[in-house]
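A quick write-up on the structure given underneath.
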Amino acid sequence: MARHSQAGLWVNLPLFINIMIVASMSTYVPAIHALIRDDHVTSRAFFYSGTLGLIVLSFVVIVLAARRAEYGFLDQLLSLLAAYIFVPLFLSVPVYESLETTSFLDLYVDMISAMTTTGGNFVGDLGILNPTLHLWRAQVAWLGGLLMWIVAAAVFAPLSLGGFEVTARSHARSSADTQWTVSKGESSYQVRKVIRILVPTYVLLTVLLWLGLTIAGENSLVAVIHAMSTMATSGLSPIDGLIDSKTGIPGEIIMAIFMLFALSRLTFSSEAFVGRQWRLFREPEFKIGVSIVFLTSVLLFVRHWIGSSGDIVIEELPHAMRAFWGHIFTVLSFLSTTGFVSAEWSLASDWSGFKSPGLILMGLAIIGGGVATTAGGIKLLRIYVLYLNGLREIERLIHPSSVPGKSTGRIDGRQSRAFIAWIFVMLFTLSLAIITVLLTLLGGGFEDAILLTIASLSTTGPLIDVVSEGRIQLVELSTAIKLVLAGAMVLGRIETLAIIALMSVEAWRR
């Protein structure tokens with residue numbers, strides 16, 4: 001227990017208070033940026049908000065320090081839920097004071113969208129935002145992505161939630177009797193350990209992407225926003241996406257490389273190396289994610305010839321390659337729930353014959369990225385476990401007495417994990433149905449309600465603009481619909497299993 005007693009005061013605070021402290025300190029970045037731009041109104045709004053927040057929090061810290069309490073995994077989970085509900089209220093204040101033209105509700109939901117890395121636009125015309133406010137939205141999303149990295153490794157993994165329920169071995173602590181009995185000092189130590197490892201990695205990757213986009217010719221501010229949005233899979237942009245980007249295909253290639261970090265946690269984990277071998281290309285999540293990207297892009301590309309008449313005009317090779325790249329980048333972007341659209345997407349859509357393949361993009365967003373990444377959706381690992389179980393069931397139909405071999409039995413407890421994965425898929429589908437019906441009853445069209453629900457639960461806000469082609473304006477929705485979407489975004493970020501775990505009587509009794 002010596003290692004726990006060495007912890008600083010801040011790690012012994014509730015996770016909610018730590019998040020609030022980081023949120024308050026982060027306001028000084030846009031305050032300095034606005035001051036450099038001689039935008040004193042915006043600078044004062046962020047500086048005063050952050051300073052006032054730190055003053056109030058200092059009194060809270062003094063009170064909590066006298067208690068000398070430690071917080072377990074259940075407390076961390078509750079803090080995370082509270083953070084997604086209440087922290088955006090604080091994050092909205094400096095924006096509201098800077099704009100004075102947008103309702104506080106719209107800004108509140110927009111901050112929830114940013115913090116959950118959804119990236120939906122509840123502000124309306126982005127032209128009303130100055131560069132500092134664009135930076136702030138991307139920064140909030142970037143910090144939200146970092147929060148998910150930390151929480152996934154420090155809270156979800158020990159509780160076998162967030163996709164880890166299908167990775168824990170049969171002898172691991174996965175029952176309700178053991179999940180909640182881990183010492184609270186162990187919980188604090190785990191959070192501290194994860195922060196030391198992941199924060200430098202996350203920051204370094206973002207800086208490298210920023211430098212890469214800047215070298216490719218992008219404006220410095222746009223480059224840093226696109227870098228933060230890519231790492232956080234939020235898809236936020238101060239311009240009209242990548243269509244107005246100065247980097248072209250080279251910049252998209254750089255961004256696509258960093259989007260791969262959302263397909264598997266091994267892309268940024270020390271577990272990627274076993275001995276002298278790189279384990280990443282043997283990782284099921286990464287392999288199935290790359291396979292989905294390649295096969296979907298090829299099918300969309302080949303459809304050009306399938307849907308054409310006999311008098312086919314063969315375009316030049318560069319033209320075809322640009323279309324193919326448009327498919328690859330956009331498919332990868334929506335599978336990772338980032339939502340950036342390639343500048344070649346219009347060419348790719350014309351090539352494939354689909355004016356807007358919305359169903360395909362919606363399906364990719366629902367599948368989502370890897371476990372313990374910033375991506376949302378069902379998660380690739382769950383899809384892989386269900387795929388293995390499906391292969392095994394087909395094999396049993398042919399040979400009822402067969403024994404599973406290495407190809408279908410690599411994961412111990414395959415059937416139990418497939419069962420858990422299937423439960424999550426059913427819960428995800430049930431949530432989708434309930435929220436869709438609720439949005440429809442509140443006055444939204446059925447098709448629009450489905451699109452809004454999928455975009456919220458999968459945390460892929462740009463999906464709304466791409467599929468509806470700009471027809472749906474989130475800022476014009478009713479107050480009730482906005483609040484439902486806010487709840488759906490939080491549910492999609494934390495996941496249904498975590499909410500159910502919070503309602504567990506056994507957990508509260510422990």
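Test Ile367, Leu457, Val425, Leu386 against Ile378 for side-chain contact (heavy atoms from CB on, under 4.5 Å) and you get one pass: Val425. Partner of Ile435 under the side-chain contact (heavy atoms from CB on, under 4.5 Å) criterion, chosen from Ile450, Thr453, Leu452, Thr440: Thr453.
Side chain of Ser43 to backbone of Asp39: no donor-acceptor contact under 3.5 angstrom is found. For Trp136 (side chain) and Leu91 (main-chain N/O), a donor-acceptor pair under 3.5 Å exists by modelled atom type.
Of all heavy-atom pairs between Pro462 and Thr118, the closest is CD-O, 3.5 Å. Shortest non-hydrogen contact noted between Ser113 and Thr116 is O-OG1, 3.3 Å.
With a 4.5 Å cut-off on side-chain heavy atoms, Met228 and Leu135 count as touching. Side-chain contact between Phe104 and Val93 is present, with at least one heavy-atom pair separated by less than 4.5 Å. Under the 4.5 Å side-chain criterion, counting only non-hydrogen atoms from C-beta, Leu80 is not in contact with Val155. At a threshold of 4.5 Å between non-hydrogen side-chain atoms, the residues Pro284 and Tyr387 do not count as touching. In this structure the side chain of Leu474 never reaches within 4.5 angstrom of the side chain of Lys482, judged on heavy atoms. Taking the side chain as every heavy atom from C-beta outward, Leu126 and His134 approach each other to under 4.5 Å. The closest side-chain heavy-atom distance from Trp210 to Thr214 is below 4.5 Å. Using a 4.5 Å heavy-atom threshold, the side chains of Leu105 and Leu483 count as touching.
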- Item | Steps toward side chain to side chain contact (heavy atoms under 4.5 Å, CB included) verdict (Met115, Leu147) | CA-CA 9 Å; Met115 189 173 175; Leu147 175 63; 4.1 Å; yes
- Message: Walk me through whether Ile420 and Arg382 qualify under side chain to side chain contact (heavy atoms under 4.5 Å, CB included).
- Response: CA-CA 9 Å; Ile420 296 174; Arg382 294 189 179 107; over 6 Å; no
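Aromatic rings from Tyr28 and Phe47 are positioned such that their centres are separated by under 6.0 Å. The ring of Phe156 has its center no closer than 6.0 angstrom to the ring center of Phe164. Aromatic pair Phe340/His226: centroids less than 6.0 angstrom apart. Under the 6.0 Å cut-off for aromatic ring centres, Trp142 and Tyr202 qualify, their centroids lying closer than that.
The structure places CZ of Phe428 at 8.0 Å from OG of Ser431, a figure rounded to the nearest 0.5 Å.
Salt bridge absent: Lys379 and Glu285 never bring a charged side-chain N and a carboxylate O closer than 4.0 Å. Under a 4.0 Å N-O distance rule, the pair Lys246/Glu218 does not qualify as a salt bridge. Between Asp465 and Arg471 there is no salt bridge, since no side-chain nitrogen of the basic residue lies less than 4.0 Å from a carboxylate oxygen of the acidic one.
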